[in-house]
Amino acid sequence: MLNKVVIFGVGLIGGSFARALKQAGMVGSVVGMGRSTASLARAQELGIIDVIGSDMGQALQGADLVLLAAPVAQTEAILSALAPHLQPGTVVTDAGSTKSDVVAAAQRALGAKLAQFVPGHPIAGRETNGPDAAIADLYIGKKVVLTPLPENSAADVETVAAAWRACHAIIHRLSAEEHDKVFAAVSHLPHLLAYALVDDIANKPHADLLFQYAASGFRDFTRIAGSSPEMWRDISLANQTALLTELDAYLAQLTGLRARLAAGDGAALEGIYSNAQRARHQWISAIEAAEQPPAQDQAE
Ligand SMILES: O=C(O)C(=O)C[C@]1(C(=O)O)C=C[C@@H](O)C=C1
């Protein structure tokens, strides 16, 4: 049970965390902090948070857990502001989609209090944001990747893991570097590609005609281009190196596909499409199989 939880950023991610903890009866009171007074007021109106925090010292007083759920570029500023008020016994975690930059920011901002920061990343989201998008079941059956620091105590890591488990998430662990490589490939690159495709179509002189006929294939491929541009700008830059590596690999794939298309090499195209179709079927089957039994943590 967490008596007091402080959440920076009460949108989809932070707001859903608060809602899930409340639904689980895991939290006494939730204090919301953030840049947008309108969002904080709305979160309070919706019952997501109990109190709007204005004074950092007061907000952190007696807090068991602090969650940073603001765009990753704000991590260092938030941690620097809270560091002087951070008391022993308070555990800080985050929900950032990148981890190496977050760890570096925490090292700079927290200094001797670094041990109290347990980095994390819930692998859940939608293309909508803001407090109105927050739902209690966002994390059910979803993975949360923790990238604990050597400085963290096992008890603090467990505090964070237990909070996410109360949201019915499944805990995994990776190093920050592994995490950033993996998510560059399967999350950050797809977002960049979706934005690129929609931007490309939108900039064509006959865009209206194209959008008029775009159907479910286009909708499925580009759903994530409806996500927050600010959040994805920050993620792209924070994970620049790994994202560039994945983008280069993808460009090479496209160049190869282009050559085969230009050569009219149907067999080669079909070979690539078949390989992708097989891999996708296997991936979907594995997800469905994992969803069957009750949620279990990955062997930690
Ligand atoms: O489903 C979406 O809309 C998401 O963008 C979710 C998604 C993802 O890429 O899968 C995006 C960012 C988060 O860090 C984790 C999950």
Side-chain angles (χ1 to χ4, degrees), residues 7-17 20 67-75 93-103 105 118-147 160 164 167-199 216-240 242-243 245-247 250 279-280 283-284 286-288 290-291 295 298:
I7 299 180
F8 287 82
V10 292
L12 172 69
I13 298 298
S16 296
F17 182 70
L67 173 75
L68 272 56
V72 281
Q74 293 170 39
T75 305
T93 188
D94 79 309
S97 302
T98 54
K99 292 276 67 79
S100 303
D101 67 307
V102 163
V103 170
V118 181
H121 176 199
I123 315 305
R126 298 194 299 172
E127 68 281 16
T128 47
N129 41 55
D132 284 281
I135 49 171
D137 56 3
L138 184 68
Y139 302 114
I140 296 177
K142 299 286 164 35
K143 297 181 182 74
V144 170
V145 180
L146 301 182
T147 64
V160 176
W164 284 116
C167 306
H168 304 288
I170 304 154
I171 305 299
H172 284 237
R173 288 189 194 213
L174 291 174
S175 71
E177 197 184 328
E178 279 172 325
H179 169 282
D180 288 354
K181 284 187 181 159
V182 167
F183 288 94
V186 297
S187 177
H188 308 167
L189 181 68
H191 279 77
L192 183 148
L193 300 178
Y195 283 125
L197 181 63
V198 179
D199 182 58
S216 52
F218 186 78
R219 181 190 285 258
D220 288 351
F221 187 87
T222 63
R223 177 184 66 80
I224 50 181
S227 308
S228 159
E230 181 192 10
M231 172 177 157
W232 286 96
R233 173 201 66 192
D234 287 359
I235 292 170
S236 304
L237 294 176
N239 204 17
Q240 189 186 43
L243 183 53
T245 301
E246 293 305 325
L247 183 56
Y250 195 78
R280 192 172 190 284
W283 171 64
I284 295 287
I287 292 177
E288 286 171 357
E291 279 168 359
Q298 177 202 51

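Atoms within each ligand, like the ligands themselves, are counted from 1 in listed order.
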Exercise for the section: Kindly compute the distance separating CG (Leu247) from CG (Leu193), expressed to the nearest 0.5 Å. Expected result: 7.0 Å
Handout entry: Atom pair CD1 (Ile135) and CD1 (Ile140), whose distance is rounded to the nearest 0.5 Å
Key = 8.5 Å
Handout entry: Glu230 atom CD, neighbour heavy-atom count above 12 within 6.0 Å
Key =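 It does: Glu230 CD has more than 12 such atoms within range.
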Practice task
Count the heavy atoms of every other residue, nucleotide or ligand shown that sit under 6.0 Å from NZ of Lys181, and state whether that count exceeds 12.
Solution key: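 Check fails, neighbour count at 12 or below.
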What does the contact table look like for ligand 1 (nitrogen or oxygen on each side, cut-off under 3.5 Å)?
from, atom 1, to, atom 2, distance (Å)
ligand 1, 1 (O), Gly125, O, 3.3
ligand 1, 1 (O), Arg223, NH2, 2.9
ligand 1, 3 (O), Arg223, NH1, 3.0
ligand 1, 5 (O), His191, NE2, 3.0
ligand 1, 9 (O), Ser187, OG, 2.5
ligand 1, 14 (O), Ser97, OG, 2.7
ligand 1, 14 (O), His121, NE2, 2.5

Practice task
Please check if any side-chain donor atom of Asn239 sits under 3.5 Å from a side-chain acceptor atom of Thr98, or the reverse.
Solution key: no
Practice task
Please state whether the rings of Trp232 and His188 are parallel, tilted or perpendicular, taking 30° and 60° as the class boundaries.
Solution key: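 Perpendicular: the ring planes of Trp232 and His188 meet at over 60°.
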